Protein chains: 2
Amino acid sequence: MLKEERHAYILQEVRVHHRILLADIADTLQVSVDTIRRDVKELDEAQLVKKVHGGAVSLDYNIYNYVAKDNFLQQKKSDIAKKAVRLLRDDMVILMGGGTTNIEVVKHFPPNIKLTVFTPSLPLATQLIQHPTIKIIFLGGVLSKDAQISVGADTILALQQLRVDLCFLGTGYLSVKEGLTEYDYEVVQVKKAMIERAKKTMVLTVSAKLNSVQRFQTCPIQDIDTLITELDPEDATLTAFREAQIQLL
Amino acid sequence: MLKEERHAYILQEVRVHHRILLADIADTLQVSVDTIRRDVKELDEAQLVKKVHGGAVSLDYNIYNYVAKDNFLQQKKSDIAKKAVRLLRDDMVILMGGGTTNIEVVKHFPPNIKLTVFTPSLPLATQLIQHPTIKIIFLGGVLSKDAQISVGADTILALQQLRVDLCFLGTGYLSVKEGLTEYDYEVVQVKKAMIERAKKTMVLTVSAKLNSVQRFQTCPIQDIDTLITELDPEDATLTAFREAQIQLL
DNA sequence: CAAAACACTGCAAATATCTGCAAGTTTATG
DNA sequence: CATAAACTTGCAGATATTTGCAGTGTTTTG
């Protein structure tokens with residue numbers, strides 16, 4: 001194998017996954033880690049990748065974005081995500097909706113976890129593609145420009161063929177009295193189908209969004225199994241949900 | 001064996017495999033490695049291949065030019081995109097594959113055009129979402145991490161329900177003899193289905209990619225209606241395609 | 001702060017390249 | 001047609017590059 005081929009392979013991997021591990025590449029290409037280290041060093045000197053301890057990252061992939069954006073709300077979402085990933089086990093099949101909280105969950109996926117994720121969300125799928133071991137099935141359909149998810153009959157039909165372990169819903173407004181509500185009718189239809197096809201439904205939301213109500217109902221409160229917020233499960237804000245028999249994390 | 005014959009053979013091998021090993025060629029042609037080395041040196045000086053330690057690689061595979069070439073390549077892709085959008089009319093229904101050239105086409109869509117676009121490509125859908133008047137239908141399926149498009153049975157089945165006006169294919173390698181080829185088998189299956197469901201198929205590619213061949217055939221040259229490159233349709237490079245009755249833009 | 005993972009250095013073996021040369025082949029020319 | 005000049009090819013020996021490994025230093029992580 002030519003050095004140039006290895007270089008091309010490394011660049012390709014960096015383009016697709018935004019980051020690589022030297023050991024992975026060495027293993028795949030059947031050469032020593034030292035060789036890959038030297039390759040990456042050259043690519044770094046040629047300003048094609050950025051070499052870091054243990055691997056390399058893409059130049060345009062802005063790691064600082066992630067930290068810089070770490071504002072107050074982001075911190076809460078990160079806390080929610082950490083709780084959510086604790087529910088995951090290898091070989092689970094899950095459904096994920098859209099929203100920045102769910103994206104945060106994907107960022108917190110353990111690097112080696114083996115999951116099958118079904119999603120109608122374009123941004124979520126884009127985030128998932130960067131994970132090395134997740135199998136992603138995108139639920140096709142008409143793309144809603146607002147929500148950036150597939151909606152409509154095709155999406156609902158595709159959902160009806162599934163039976164998954166968990167469903168993570170990251171958008172929407174939850175209230176004890178009105179249940180889960182939404183302002184977009186088409187999104188409601190998709191979420192209904194998602195909840196129906198999952199054994200357990202988890203709602204992920206920052207506490208500020210609780211007790212709000214929107215125009216359309218996705219489901220009554222009883223259909224929600226678990227509520228994950230940034231708050232301690234014992235927090236007084238959540239009392240009403242605790243009384244409604246919702247599991248709190 | 002004449003030197004020119006060896007040169008032709010070497011160029012052919014480089015076109016097909018993107019790389020060669022001096023020792024392989026020497027063995028196949030039954031001449032010394034030194035001779036092949038000198039041949040490759042000449043081809044390198046003539047800017048037809050790039051000589052590297054142990055062999056040679058094709059120029060468009062030459063990663064060191066990657067950054068420098070990028071703007072140049074971008075200009076070509078922009079030229080291709082401008083030609084492609086001239087084919088669009090309001091209320092058309094089209095299919096678009098992946099690749100940076102297709103993304104460029106989307107960027108060149110007129111702001112008010114009314115189109116329905118079906119696509120299995122995640123990056124393309126993400127780009128399309130920014131357009132105000134396009135109706136997008138994402139073709140769902142298992143997401144290929146390399147190609148960033150949906151592949152597999154679900155995608156093919158969804159495609160089989162369509163009948164569209166135009167299909168834009170932006171990746172792949174086109175040669176008169178071998179037709180449209182690809183290195184990813186699953187992508188080939190999707191593209192086959194796309195071509196089948198479109199009244200007309202347009203291949204969009206920079207001229208450097210022409211006359212290259214990959215492992216799997218998507219379709220023979222006759223199934224392609226139009227070839228759009230950055231070159232003038234009368235350019236001598238395209239003669240073989242003109243003779244194959246391909247419309248050139 | 002200690003263990004684990006990773007990086008760096010120098011070295012040796014394998015492989016590739018370069019140089020000069022001699023033998024063979026082709027081409028040009030009177 | 002004869003012959004010199006130019007080119008081509010393979011080989012041998014010297015030089016250079018690549019690669020994996022072992023030993024040692026550095027960074028990361030819990």
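As the structure is a computational prediction, the values presented were derived from the model and not from experiment. Proteins get letters first, then strands, A, B, ... in listed order; numbering begins at 1 in each.
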I'd like to know if A:K114 and A:D91 make a salt bridge, using a cut-off of under 4.0 Å between side-chain N and carboxylate O. no
Nucleotide interval of DNA chain D bounded by contacts with chain B (heavy-atom cut-off, under 4.0 Å): D:dT8 to D:dT18
May I have all residue pairs that pass salt bridge (charged side-chain N to carboxylate O under 4.0 Å, His left out) and include part of residues 230-249 of chain A, sequence neighbours excluded? none
Whole Å only: how far is the CD1 atom of A:I36 from the P atom of C:dA5? 19 Å
B:E5 has an atom CD; how far is it from atom C1' of C:dT26, in whole Å? 15 Å
What one-letter contact string describes nucleotides 6-13 of chain C from 5' to 3', where B marks a base within less than 4.0 Å of any protein heavy atom, S marks contact via sugar-phosphate atoms alone, and - marks no contact? SBB-----
Pair A:K107, A:S78: side-chain N/O donor-acceptor within cut-off below 3.5 Å: no
Classify the angle between the aromatic ring planes of B:F216 and B:Y185 as parallel (below 30°), tilted (30 to 60°) or perpendicular (above 60°). perpendicular
For A:M202, is there any backbone N or O sitting under 3.5 Å from a side-chain donor or acceptor partner on A:D225? no
Residues two or more places apart in sequence or in another chain: which of them pass salt bridge (charged side-chain N to carboxylate O under 4.0 Å, His left out) with A:K200? none
For A:K199, all residues meeting salt bridge (charged side-chain N to carboxylate O under 4.0 Å, His left out), sequence neighbours excluded: A:D165
So, using side chain to side chain donor-acceptor pair (under 3.5 Å) as the criterion, who are the partners of A:Q247 when residues are at least two apart? A:T226
